[in-house]
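For the single chain, residues carry numbers from 1 onward in sequence order. Hydrogens, waters and symmetry mates play no part in the numbers below; they use all other heavy atoms, side chains included. Worth saying up front: this structure is predicted, and the values here are computed from it rather than measured.
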Amino acid sequence: MTITSPHLGSPSVWTDARLLYALEEVVEKELNRHLNVAKDWMPHEYVPWSDGRNFPGLFEDGEAWDKEQSRVTEIGRIALVVNLLTEDNLPSYHHEIASLFGRDGAWGTWVHRWTAEEGRHGIVMRDYLLTSRAVDPDKLERFRMAHMSEGFESDNRHSMLHSVAYVAFQELATRISHRNTGHQSGDPVCDRMLARIATDENLHMVFYRNLLKAAFELAPDLTMQAVRDVVVNFRMPGHGIPGFERAAAQMAIGEVYNLRIHHDDVLQPVLRFLKVLEIDGLGPEGRQAQEELALFMGGLNAEATKFDEKLAARKARMTSRAGG
């Protein structure tokens, strides 16, 4: 894909390769910052191993799973499965970003470090879920096989710049989803575990957000168009999980992740930090993208308000029924 910008000489033609090279110094700076602030942690220290016991299979004393064996709430169970299956597709994510960003220099070092850190998330979540018996292990494994067998292709795989813009929002969305799942889980152990994961996701978001800021300084029109495209067409990477639509609807009602959260806690913080809607000096295509982004955000806020009203009405009905 060839992209152009009038802001770096006339004419200046950008390719993905040139953008990667131009941003290498920023990547190295952000990588060093990340390594200085990131703290190593041990997944096994967040798992209640003493609660574990055998499942049926090779062991004669195996005990079949029953949802009453865990304190985790129903919405917590649903969200935990979605979150873990999303993390399970790490091999596909690694393949995609390694193909886009490369395996050499600072870019490559970041790709491998990010993958290693993300790997902890799947490890600790699965260990917690099986040890605490929070989910049906057979169903979880069938879902994992189905999801990973389908593979994963990002909507933004055609463009390095679009991919950077996407992960700047997606890492924050993942952080919010994990954090809210912990709050809604009903289990303090689960809450602490997901808070630890959310801390990692926040640092990943900061890396990509700062990289996106540098991209705006290099090629503002192109970056504005990429952000517009990503925000308008945003989908979480777990959208291919079996039964995802139903689970997403339940997570929305359960206030783990919904339109209001997406608007207020994911899109707005990144857009405000980068002052995306305040950038001036753009060319015609950049200005058009900025205007379309502003219109979309206004429409999304209106949709979120309608959702808020429906959710409030639903809560009122449930309260009334409980009281009756």
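- Contact between Leu203 and Ala38 at its shortest, heavy atoms only, is CD1-CA, 3.9 Å.
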Q: Go through the steps for Thr174 and Glu87 under the test side chain to side chain contact (heavy atoms under 4.5 Å, CB included), then give the verdict.
A: CA-CA 10 Å; Thr174 304; Glu87 299 284 357; 4.2 Å; yes
Q: Check step by step if side chain to side chain contact (heavy atoms under 4.5 Å, CB included) holds for Trp49 and Asp127.
A: CA-CA 9 Å; Trp49 298 105; Asp127 285 347; 3.7 Å; yes
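- By the rule that hydrophobic residues join a cluster once side-chain heavy atoms approach within less than 4.5 Å of another member, Leu212 and Val26 end up as members of one cluster.
- Within 6.0 Å of CZ in Arg314 there are 12 or fewer heavy atoms belonging to other residues, nucleotides or ligands.
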Q.
Would Arg228 and Gln225 count as a side chain to side chain contact (heavy atoms under 4.5 Å, CB included) here? Give the steps.
A. CA-CA 5 Å; Arg228 182 267 320 271; Gln225 292 172 69; 3.8 Å; yes
Solution key, residues 71-84 side-chain donor-acceptor pairs under 3.5 Å, sequence neighbours excluded:
| residue | atom | partner | partner atom | Å |
| --- | --- | --- | --- | --- |
| Thr73 | OG1 | Gly76 | N | 3.0 |
| Thr73 | OG1 | Gln184 | O | 2.6 |
| Glu74 | OE1 | Arg77 | NE | 3.4 |
| Arg77 | NH1 | Ala134 | O | 2.5 |
| Arg77 | NH2 | Val72 | O | 3.3 |
| Asn83 | OD1 | Ser177 | OG | 3.1 |
| Asn83 | ND2 | Ala79 | O | 3.4 |
| Asn83 | ND2 | His178 | ND1 | 3.4 |
| Asn83 | ND2 | Thr181 | OG1 | 3.1 |

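- Considering every non-hydrogen atom in both Pro237 and Thr86, the closest pair reads CG-CG2, 3.8 Å.
- Within 6.0 Å of atom CG in Asp104, 12 or fewer heavy atoms from other residues, nucleotides or ligands are found, so the atom counts as exposed in its surroundings.
- Between the side chain of Arg157 and the backbone N or O of Ser154 there is at least one donor-acceptor pair closer than 3.5 Å.
- Taking CG of Leu211 as the start and CG of Leu31 as the end, the distance is 11.5 Å to the nearest 0.5 Å.
- When all heavy atoms are compared, the tightest approach of Leu311 to Ile253 is CD1-O, 3.6 Å.
- Put simply, the side chain of Asn54 never gets that close to the backbone of Gly62: no donor and acceptor are under 3.5 Å apart.
- Grouping the Ile, Leu, Val, Met, Phe, Trp and Tyr side chains by contacts below 4.5 angstrom, directly or via other members, places Leu271 with Phe273.
- Under the 3.5 Å distance criterion, the side-chain polar atoms of Ser163 are matched with a main-chain donor or acceptor of Asn156.
- Using bins of under 30°, 30° to 60° and over 60° for the plane-to-plane angle, the ring pair His204/His34 lands in the tilted bin.
- A salt bridge does not link Lys67 to Asp136: none of the charged side-chain nitrogens sits closer than 4.0 Å to a carboxylate oxygen.
- Side-chain atoms of Asp221 come within 3.5 Å of backbone N or O of Gly283 as a donor-acceptor pair.
- Atoms CE and CZ, from Met42 and Arg120 in turn, are 6.0 Å apart once rounded to the nearest 0.5 Å.
- Listed for the Glu24 side chain is a donor-acceptor partner under 3.5 Å among the backbone atoms of Ala106.
- Put simply, Phe169 and Leu259 are part of the same group of oily side chains (I, L, V, M, F, W, Y) that touch within less than 4.5 Å, one to the next.
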Q: Test His121 against Glu201 for side-chain hydrogen bond (donor to acceptor under 3.5 Å, both in side chains), laying out the working first.
A: CA-CA 10 Å; His121 302 167; Glu201 303 290 8; 3.2 Å; yes
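- Annotation for His112: atom NE2 counts as buried by contact number, over 12 foreign heavy atoms lying within 6.0 Å.
- Atoms CG and CD1, on Asn202 and Ile197 in that order, are 14.0 Å from each other to the nearest 0.5 Å.
- By the 4.0 Å N-to-carboxylate-O rule, Glu309 lies too far from Lys306 to be salt-bridged with it.
- For Arg246 (side chain) and Phe244 (main-chain N/O), no donor-acceptor pair under 3.5 Å exists by modelled atom type.
- Under the 4.5 Å side-chain heavy-atom criterion for Ile, Leu, Val, Met, Phe, Trp and Tyr, Leu161 and Leu218 are members of the same hydrophobic cluster.
- Residues Phe296 and Ile261 fall within the same hydrophobic cluster, defined by Ile, Leu, Val, Met, Phe, Trp and Tyr side chains chained together at heavy-atom separations under 4.5 Å.
- The distance from atom CZ of Arg272 to atom CG of Leu267, rounded to the nearest 0.5 Å, is 10.5 Å.
- Shortest non-hydrogen contact noted between Trp107 and Met160 is CH2-SD, 4.4 Å.
- Side-chain atoms of Asn32 come within 3.5 Å of backbone atoms of Glu28 as a donor-acceptor pair (strictly under, hydrogens ignored).
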Q. Is there a side chain to side chain contact (heavy atoms under 4.5 Å, CB included) between Asp155 and Arg235 once you walk through the steps?
A. CA-CA 8 Å; Asp155 298 328; Arg235 293 195 298 173; 2.9 Å; yes
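- Atoms CG and CZ, on Leu194 and Arg196 in that order, are 12.0 Å from each other to the nearest 0.5 Å.
- A donor-acceptor pair under 3.5 Å is formed between the side chain of Trp65 and the backbone N or O of Val135.
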(Q) Using ring pair (Phe, Tyr, Trp, His ring centres under 6.0 Å), reason through Trp41 and Tyr46 one step at a time and then give a plain yes or no. (A) CA-CA 9 Å; Trp41 56 279; Tyr46 288 80; 5.4 Å; yes
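- Between Ile123 and Arg126 the shortest side-chain heavy-atom distance does not fall below 4.5 Å.
- Salt-bridge annotation for Glu217 and Lys213: present, with a side-chain N of the basic residue lying under 4.0 Å from a carboxylate O of the acidic one.
- The local environment of CD in Glu141 is crowded, with over 12 non-hydrogen atoms from other residues, nucleotides or ligands closer than 6.0 Å.
- For the atom pair Tyr257 OH and Met251 CE, the distance stands at 9.5 Å (nearest 0.5 Å).
- Residues Tyr128 and Asp187 bring a donor and an acceptor atom of their side chains to less than 3.5 Å of each other.
- Here the closest heavy-atom approach between residue Ile279 and residue Met224 is recorded as CD1-CE, 4.1 Å.
- No side-chain heavy atom of His183 sits less than 4.5 Å from a side-chain heavy atom of Glu255.
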(Q) Under the criterion ring pair (Phe, Tyr, Trp, His ring centres under 6.0 Å), I'd like the reasoning laid out for His147 against Phe152: C-alpha separation, chi angles, the key distance, then a yes or no. (A) CA-CA 9 Å; His147 185 43; Phe152 172 81; 8.0 Å; no
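- Cation-pi geometry between Arg133 and Phe55 is met: under 6.0 angstrom from the ring centre, within 45 degrees of the axis.
- Of the charged side-chain nitrogens involved, none lies within less than 4.0 Å of a carboxylate oxygen, so that Glu171 and Arg175 do not count as a salt-bridged pair.
- Atom CD of Gln268 sits in a crowded spot, with more than 12 heavy atoms from other residues, nucleotides or ligands closer than 6.0 Å.
- When all heavy atoms of Phe307 and Ala252 are compared, the pair lying nearest together is CZ-O, 3.5 Å.
- With a 6.0 Å radius and a threshold of 12 heavy atoms from other residues, nucleotides or ligands, Glu45 has its CD atom above the threshold.
- With hydrogens and angles ignored, the 3.5 Å screen pairs a side-chain donor or acceptor of Gln69 with a backbone N or O of Ala64.
- For the residue pair Asp229/His162, the side-chain donor-acceptor check at 3.5 Å is satisfied.
- Trp110 and Tyr208 have perpendicular rings, their planes meeting at more than 60° on a 0 to 90° scale where under 30° would count as parallel.
- If you check the side chains of Ser92 and Glu96, you find no donor sitting under 3.5 Å from an acceptor.
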